[in-house]
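Encoded as structure tokens, the structure appears first; notes follow it.
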Amino acid sequence: MSIDKIIAEATAQAVHSLYELEMSPDAITPQTTKKEFEGNLTIVVFPFLKASHKRPEETAQEIGDYLVANCEAVEKFNVIKGFLNITIKPSFWTSVLLHIASEPNFGIKPVTDDSKLVMVEYSSPNTNKPLHLGHVRNNLLGYSLAKILEANGNKVVKTNIVNDRGIHICKSMLAWLKWGNGATPESTGKKGDHLIGDYYVLFDKHYKAELKQIAADRGISEEEAEKESTLMHEAREMLKKWEAGDPEVRALWRKMNEWVYAGFDETYKRMGVSFDKIYYESETYLEGKEKVLEGLEKGVFYRKDDGSVWADLTADGLDHKLLLRSDGTSVYMTQDIGTAKLRYQDYPIDQMIYVVGNEQNYHFQVLSLLLDKVGFKWGKDLIHFSYGMVELPNGKMKSREGTVVDADELMDEMIDTARAMSNEPGRLVGVPEEEKEDVLRMIGLGALKYFILKVDPRKNMLFNPQESIDFNGNTGPFIQYTHARIQSLLRKCDTADLSTDVAQYEPIEKEVELVQRLADFESVVTEAGKSYSPALIANYVFELAKAYNQFYHDCSILKEENGMARAFRLQLSRMVATVIKRGFGLLGIEVPDRM
RNA sequence: GGUUCCGUAGCUCAGUUGGAUAGAGCAACAGCCUUCUAAGCUGUGGGCCCUGGGUUCGAAUCCCAGCGGAAUCACCA
């Protein structure tokens, strides 16, 4: 049982016996005492005043006296206004540390047969362009969220829905046919996703030129010229052929998609994210239609005169929403209904989480209502894990203005920066030559991942490509460094030091602070799972590493004369390193043993 | 205009179910490497927590109104 709970229960007993106030221990949450005051845990006594009919100071005094007399863990206390600061017996903290060390998976709840099954959808790329910074945030958040939910005892299925069909793919295909001269990833030495992306851009370039030409020739606006465009017409024709299953178009489409997937796989692998099940829109986009027609029969949806099918959501404070076009084809929303249906056929999902940007808040609000209307009982409970945009100093990323930050390039740059910085004296000491690249990769990506994951997912965040991401201060490398330094310490210590029995040791204040922080890991993981926030873990690990660094500078460890103190500090260091590694594991960040 | 989200140091961000004198990092300035890894540590300066009301022992946090910013409101995905 955690120390917080012990105190909460003892306090509940105290107010019951002193003031006959019935309080659930869960309602009492001791907080860590502020640094300026003496003590480890603080209880705010204001809520008890109505029952005690006494002044805050007196009430706190009485509860404090009760705790000292009746709770073994409590050593002493002091009272400031309505705050009861409790000091726990030092020996108790030793037992807390030993407990943490004895649990091989401290902070992680096991997955059992009756665990909830959660499906997390993330990434969801289009196959006509490479991944960019926005996808990076999505991927990192999605992967980390899956890890955190797993650590909270859920079965997790990570899934990806690849948008592999539609007009945008046809644009790339058309441009490749017209101007590609049979270029392949092999012939150009380019990653497949970048190659296809280039043709998408090329299409847009020619299309713009064509519009300008038509507008000038015919004396009409460029918007009006859109209807006259032969390029766009050809692209649409190609889409029709694709939908009709034209063998040539399908073959080309398959070939080009393979190139893109090979490119994506490389990026995903490097980023360290993975999926358990991938869905392709080309295989699911027809599925939703049947459900919509079923809903139409039941009268939940209605048909307009032109044949299009709509949902009336005005009762829920929303608008009317199109579900089937007048020509009978599906829209985005219909496809999502279909994909959801398939997924629930494939897995006994208890909860569905979509990791999708906040630009689609409305879409998921509608989807939730629609799934409910067509009779899926889980529709209402779906979670849209909505995250904010990544902004650049001059606003959003715009492909037209060439301000898109490419994921592959960004990762390259981060690793290059790590390499450049490692030239400073004292860096990468004792790292074998063959491991160096691997360590640099961990550091560069660690900096990038931590930079993105430490901010609250809901908020828009700013990324300045000019100022490269920091490696000092509140950063991934700082935390990795702390871990590497502890590993080095442990390599240098004697095995006798670690096997020394420390049960009787009474830790000093600085040590207690660290033990207390370590113990918090458990509740931080729980809280991160409840509020779907990797940022909580990130900030916790930073605080832990920072506190350890201060401790490291203040207390010599290997040179400590007292054998028990030395052993305790090494044990403590070992657990700090373990929790750092475990916490970073939940963020998908690797930690090197030397750097 | 409707809906949703955001507004905290010069910059990037934390701030636990409402708790004590609002915290980090960067940037600036001043120190610390003959010492278990200086990607580190110590110190200084820097704030109308957007504004105004309300709720109460107590508000950056909850409620209402306003101001400012973002997203969205397609027979695009």
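Quick caveat: nothing in here was measured; it's all calculated off a predicted structure.
An OP1 or OP2 oxygen of B/rC13 is reached within less than 4.0 angstrom by no side-chain nitrogen or oxygen of A/Arg458. Close to B/rA39, at under 4.0 Å from its OP1 or OP2, lies a side-chain N or O of A/Tyr481. Remark: A/Arg485 is in phosphate contact with B/rA38, judged by side-chain N or O atoms under 4.0 Å from OP1 or OP2. For B/rC76, the OP1/OP2 oxygens have a side-chain nitrogen or oxygen of A/Arg325 closer than 4.0 Å.
In the set B/rU72, B/rU12, B/rA39, the nucleotide with an atom closest to the side chain of A/Leu462 is B/rU12. The side chain of A/Val331 approaches B/rA77 more closely than any other nucleotide in the set B/rU72, B/rA77, B/rU37. Side-chain atoms of A/Asp470 lie closest to B/rC26 of the nucleotides B/rC36, B/rC26, B/rA71. Closest contact between the side chain of A/Ser556 and the listed nucleotides B/rG40, B/rC36, B/rC76 involves B/rC36.
With C1' as the reference atom, B/rG7 and B/rC13 are 13 Å apart, rounded to whole Å. Separating the P atom of B/rU8 from that of B/rA14 is a span of 11 Å, rounded to the nearest Å. Spacing of P atoms, B/rG25 relative to B/rC50, comes out at 22 Å, to the nearest Å. When the C1' atom is used for both B/rA60 and B/rC41, the distance is 31 Å, rounded to whole Å. Rounded to a whole angstrom, the distance from the P atom of B/rA9 to that of B/rA24 is 15 Å. Annotation: B/rC33 and B/rA38 have their C1' atoms spaced 6 Å apart (nearest Å). Comparing B/rG45 with B/rG31, their C1' atoms sit 15 Å apart, to the nearest whole Å. Of the C1' atoms belonging to B/rA59 and B/rU17, the separation is 14 Å, rounded to the nearest Å.
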Problem - Reading 5' to 3' through nucleotides 14-24 of chain B, protein heavy-atom contacts under 4.0 Å coded B for base, S for sugar-phosphate only, - for none - result: SS-B-BBS--S
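Qualifying side chain to side chain donor-acceptor pair (under 3.5 Å) partners for A/Glu590, counting only residues two or more places apart in sequence or in other chains: A/Arg441. Under the side chain to side chain donor-acceptor pair (under 3.5 Å) criterion, A/Tyr280 pairs with no residue at all, not counting sequence neighbours. By the side chain to side chain donor-acceptor pair (under 3.5 Å) test, A/Asn358 is found to be paired with no residue, residues two or more places apart in sequence or in another chain being considered.
Counting any heavy atom pair closer than 4.0 Å across all strands shown, A/Met461 reaches sugar-phosphate atoms only and no base atom. Residue-level contact check: A/Gln550 touches the backbone only, with heavy atoms under 4.0 Å from sugar-phosphate atoms and none from bases. At the heavy-atom level, A/Phe471 lies under 4.0 Å from base atoms of the strands shown. Among the protein residues, A/Ile557 comes within range of the nucleic acid bases, having at least one heavy atom under 4.0 Å from a base atom.
In this structure B/rA70 sits in a base pair with B/rU4, meeting the Watson-Crick or G-U test at under 3.5 Å. Of all nucleotides present, only B/rC26 satisfies the Watson-Crick or G-U wobble test against B/rG10, with each distance under 3.5 Å. In this structure, B/rA59 forms no base pair with any nucleotide, since neither Watson-Crick nor G-U wobble geometry is met with both distances under 3.5 Å.
For B/rC33, the glycosidic angle deviates from 0 by 90° or less, giving a syn base.
For the residue pair A/Glu62/A/Tyr19, the side-chain donor-acceptor check at 3.5 Å is satisfied. Side-chain polar atoms of A/Asn85 and A/Thr42 form a donor-acceptor pair below 3.5 angstrom.
Salt bridge present: A/Arg517 and A/Glu513 bring a charged side-chain N and a carboxylate O closer than 4.0 Å. Under a 4.0 Å N-O distance rule, the pair A/Asp456/A/Arg458 qualifies as a salt bridge.
Rounded to whole Å, the distance from CD1 on A/Ile537 to P on B/rC13 is 21 Å. For the pair A/Lys559 NZ and B/rU35 C1', the computed distance is 5 Å after rounding to whole Å. Rounded to whole Å, atom C1' of B/rC6 lies 12 Å from atom CG of A/Asn361. The CD-P distance, from A/Glu467 to B/rC26, rounds to 13 Å in whole Å. The CG-C1' distance, from A/Asn464 to B/rA27, rounds to 13 Å in whole Å. As rounded to whole Å, 9 Å separates atom P of B/rG40 from atom CE of A/Met595. For the pair A/Lys321 NZ and B/rU72 P, the interatomic distance rounds to 13 Å; values are reported in whole Å. Spacing between atom CD of A/Gln360 and atom C1' of B/rA70 amounts to 16 Å, rounded to whole angstrom units.
Taking the nucleotide of RNA chain B with the nearest heavy atom to each of A/Asn358 and A/Ala418, the more 5' of the two is matched to A/Ala418. Each of A/Glu281 and A/Asp593 was assigned the nucleotide of RNA chain B with the nearest heavy atom; the assignment lying further toward the 5' end belongs to A/Asp593.
The ring of A/Phe551 has its center closer than 6.0 angstrom to the ring center of A/Tyr548.
Only one option out of A/Phe471, A/Phe542, A/Phe584 pairs with A/Phe478 in a ring pair (Phe, Tyr, Trp, His ring centres under 6.0 Å); it is A/Phe542.
Geometrically, A/Arg165 engages A/Tyr285 in a cation-pi contact, judged by NZ or CZ lying under 6.0 Å from the ring centre and within 45° of the ring axis.
The minimum heavy-atom distance linking A/Val591 with A/Met442 is given by the pair C-SD, 4.0 Å.
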Just the table, please: protein N/O against nucleotides 62-65 of chain B N/O, every pair under 3.5 Å.
none

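Contacts classified as salt bridge (charged side-chain N to carboxylate O under 4.0 Å, His left out) and involving residues 552-563 of chain A (residues at least two apart or in different chains) are given here: A/Lys510-A/Asp554, A/Glu560-A/Arg569.
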